[in-house]
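See below for the structure under consideration.
Values reported hereafter were calculated over all heavy atoms of this structure, with side chains retained and with hydrogens, waters and symmetry mates removed. Lettering of chains follows the sequences in order, A, B, ..., and the numbering in each one begins at 1.
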Number of protein chains: 2
Amino acid sequence: MAISRISKKKLRDPQADAPSEAAKAILDTAEGLAQTRGYNGFSYADVAEQLGVTKASLHYHFPSKADLGTALIERYHRVFLRALEAIDLRTNEPDKKLRYYIELYDSVLNNERMCLCGMLAAEIATLPIPMQEGLRLFFDENEQWLIAVLEDGLRIGAFRFKETANERARMIVAALEGAMLVARSYGDPARFHVVASSLLSDLSQAGRT
Amino acid sequence: MAISRISKKKLRDPQADAPSEAAKAILDTAEGLAQTRGYNGFSYADVAEQLGVTKASLHYHFPSKADLGTALIERYHRVFLRALEAIDLRTNEPDKKLRYYIELYDSVLNNERMCLCGMLAAEIATLPIPMQEGLRLFFDENEQWLIAVLEDGLRIGAFRFKETANERARMIVAALEGAMLVARSYGDPARFHVVASSLLSDLSQAGRT
DNA sequence: GTCTATAGGTGGATAGAC
DNA sequence: GTCTATCCACCTATAGAC
C-alpha cells in the first residue's frame, strides 16, 4: 500500500499503468469533486454516490485517499503535458501559443472548476508528501513550457518584457491561477478574461523605450 | 443561532460587537489554522487544543462553525481596511501606495500563511452563503482601493496601462493572490516577490508608444 | 471486482453541572 | 464562561462473502 511517487517516466510513458475503466470513472468523478470542493471537501462516499457503487469498491482501486489524490495529480499533469505538446504542433507563433495556453485554463473555468493543482496548492499543508511533490512538478512543467514560448517570442520580437523569461513565466502562472480563484468566487468567467487580456497586452506593449 | 450577514456598517463601526478576550483568542487561533490549512482543514478540536480549552467552550462564543467562519472573514476584512487607510495616511504617491499594498500581502506570506480570503475562495463551493458573500465583499473593497490608486497614478503619470483602472485592479489582485498560492507551495517567498516586481515594472513601463 | 457489514476515529454540536 | 459527558453523522479503511 506504499504511496507511489510521481516519476517523470510515469508522466510520459503512455504504457505505464493503464488504468481500468472503473479506475478511470473513479478518477473522473473524484477530479470534478476535487476541482470544485477541494481535497478536504470531498469523500469516498461522495464519489461512490455519484458513480452508484459502494465505498468499498473504491478502496479496491485506490486503497487510500492519498493514493487517489496522487493518481489525480499524476493524470491531470499528464493530460496537461499532452495539451501543451498539441499546442506546439498546432502553431509556431509564440503569441498564438500563449493564447492557446490561456484557453486551457479558460476551458477548466467554464466547467465551473478550479485548476486541480491550484486548488490543491491552497490545501498543501494538509496533503501527503507525494501529493505536495506532484503539485510542484506540475507548476515546474508549466513554467518550463512558458519559458520556451516567452524566449522564442522575445527573440522574434513578438513579446517585450524586462525580466527574465523565468520570472515572467512565474508571473503568468500566478496571475492565471489567481484569476481562476477570484473569478470562480463570483461565478464570473469575465473576471478571468480581463486578467488574461492584461497579461497579453503587457507582453506586447511593455519595455518599449 | 441565525448566521449574521456581514454588513458594511459592522465593518466600519469600531464599537460594533466588541469581542471578549476569549473570543479574540479563538479568532486568532482559528485564523492561523484557516490560513494554513483551509476552512475544511481545521476543526474545533484543533482550536481547542492550541488554546488549552475544550471544544464546548468554543461553541459558547461561536455556536456553529459557520458563525466562526463568518466572524473570521469579517475581522480579517476590517483589519485589512484599516491597513489600507493607514497607507493612505502615510503617503500620497500612488507608486508607494502600491508598494505598501504589496507589503501587506508579503507580511502574510512571511508568516507562512495564505491570504485568508484567497484560501477560502478556493473552498467557496463548500462554504455557507454568508461566508461566500463576505469573500466577495473583501475582494470588492480591495479592488475599489486599487482603482483609486491606479487612476491617481495614471493621472499624474506615475503609472501607464491601457485597460481601465478596474481591469488593471482585478489583474493585480489575481496575480498577488495566485503568487501567494504558488509561492507557499514551494515554501519560497521569492516566488511572490518576482511576481510583485513584474506587476510594478509593467505599470511603469507599459503603454509607451 | 463489487458487495455487506463493520471497525475505529473524528466531525460539529448540545445538555446540564459548576 | 468553562467544564464533563454524550449524541449522531460522517470519515477512512478493512474483512470476508459472492
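To the nearest angstrom, C1' of D/dC10 lies 13 Å from NZ of B/K65. Separating the CZ atom of A/F62 from the C1' atom of D/dT14 is a distance of 18 Å, rounded to the nearest angstrom. B/E49 places its CD atom 10 Å from the P atom of C/dG11, with the value rounded to the nearest Å. What separates OH of A/Y39 from P of D/dC11 is a distance of 14 Å, to the nearest Å. Between the CG atom of B/L58 and the P atom of C/dG11 there is a distance of 13 Å, given to the nearest Å. What separates CG of B/N40 from P of D/dC10 is a distance of 15 Å, to the nearest Å. Following rounding to the nearest Å, B/F42 (CZ) and C/dT10 (C1') show an atom-to-atom distance of 15 Å.
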Notebook entry, point to check: Would B/M171 and B/L199 satisfy side-chain contact (heavy atoms from CB on, under 4.5 Å), going step by step from the backbone distance to the final call?
Noted result: CA-CA 9 Å; B/M171 189 271 212; B/L199 288 173; 3.7 Å; yes

Next item on the list: Step by step, work out the salt bridge (Lys or Arg N to Asp or Glu O under 4.0 Å) result for B/R168 and B/D202.
Entry: CA-CA 11 Å; B/R168 174 60 54 162; B/D202 284 347; 5.0 Å; no

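Distances were taken from every side-chain heavy atom of A/Y44 (C-beta onward) to each of D/dT12, C/dC3, C/dT2; the shortest belongs to D/dT12. In this structure, the nucleotide among C/dC3, D/dA13, D/dT2 sitting nearest to the side chain of A/S64 is D/dA13. When distances are taken from the side chain of B/A45 to each of C/dG11, D/dC3, D/dA13, the shortest belongs to C/dG11. Taking only side-chain atoms of B/H59, from C-beta outward, the nucleotide of C/dC3, C/dG12, D/dT2 with the closest atom is C/dG12.
Ring geometry for B/H59 against B/Y44 counts as parallel: the plane angle stays under 30°, on a 0 to 90° scale with 60° as the upper cut. Relative orientation of the A/Y105 and A/F192 rings is parallel, given thresholds of 30° and 60° on the angle between their planes. A perpendicular orientation is assigned to the rings of A/F80 and A/F138, their planes being inclined by more than 60° (bins at 30° and 60°).
Applying the 4.0 Å criterion to OP1 and OP2 of D/dT2, one finds that B/T54 has every side-chain N and O outside that range. Contact annotation: B/S43 does not reach the phosphate of C/dT10 (side-chain N/O to OP1 or OP2, under 4.0 Å). For the OP1/OP2 pair of D/dC3 and a distance below 4.0 Å, the side-chain nitrogens and oxygens of B/S57 include at least one atom meeting the criterion. Taking 4.0 angstrom as the limit, B/Y60 places a side-chain polar atom (N or O) nearer than this to OP1 or OP2 of D/dG1.
Closest-nucleotide positions on DNA chain D for A/A56 and A/D46 were compared, and the one nearer the 5' end corresponds to A/D46. Heavy-atom nearest nucleotides on DNA chain C were determined for A/H61 and for A/K55, and the one closer to the 5' end corresponds to A/H61.
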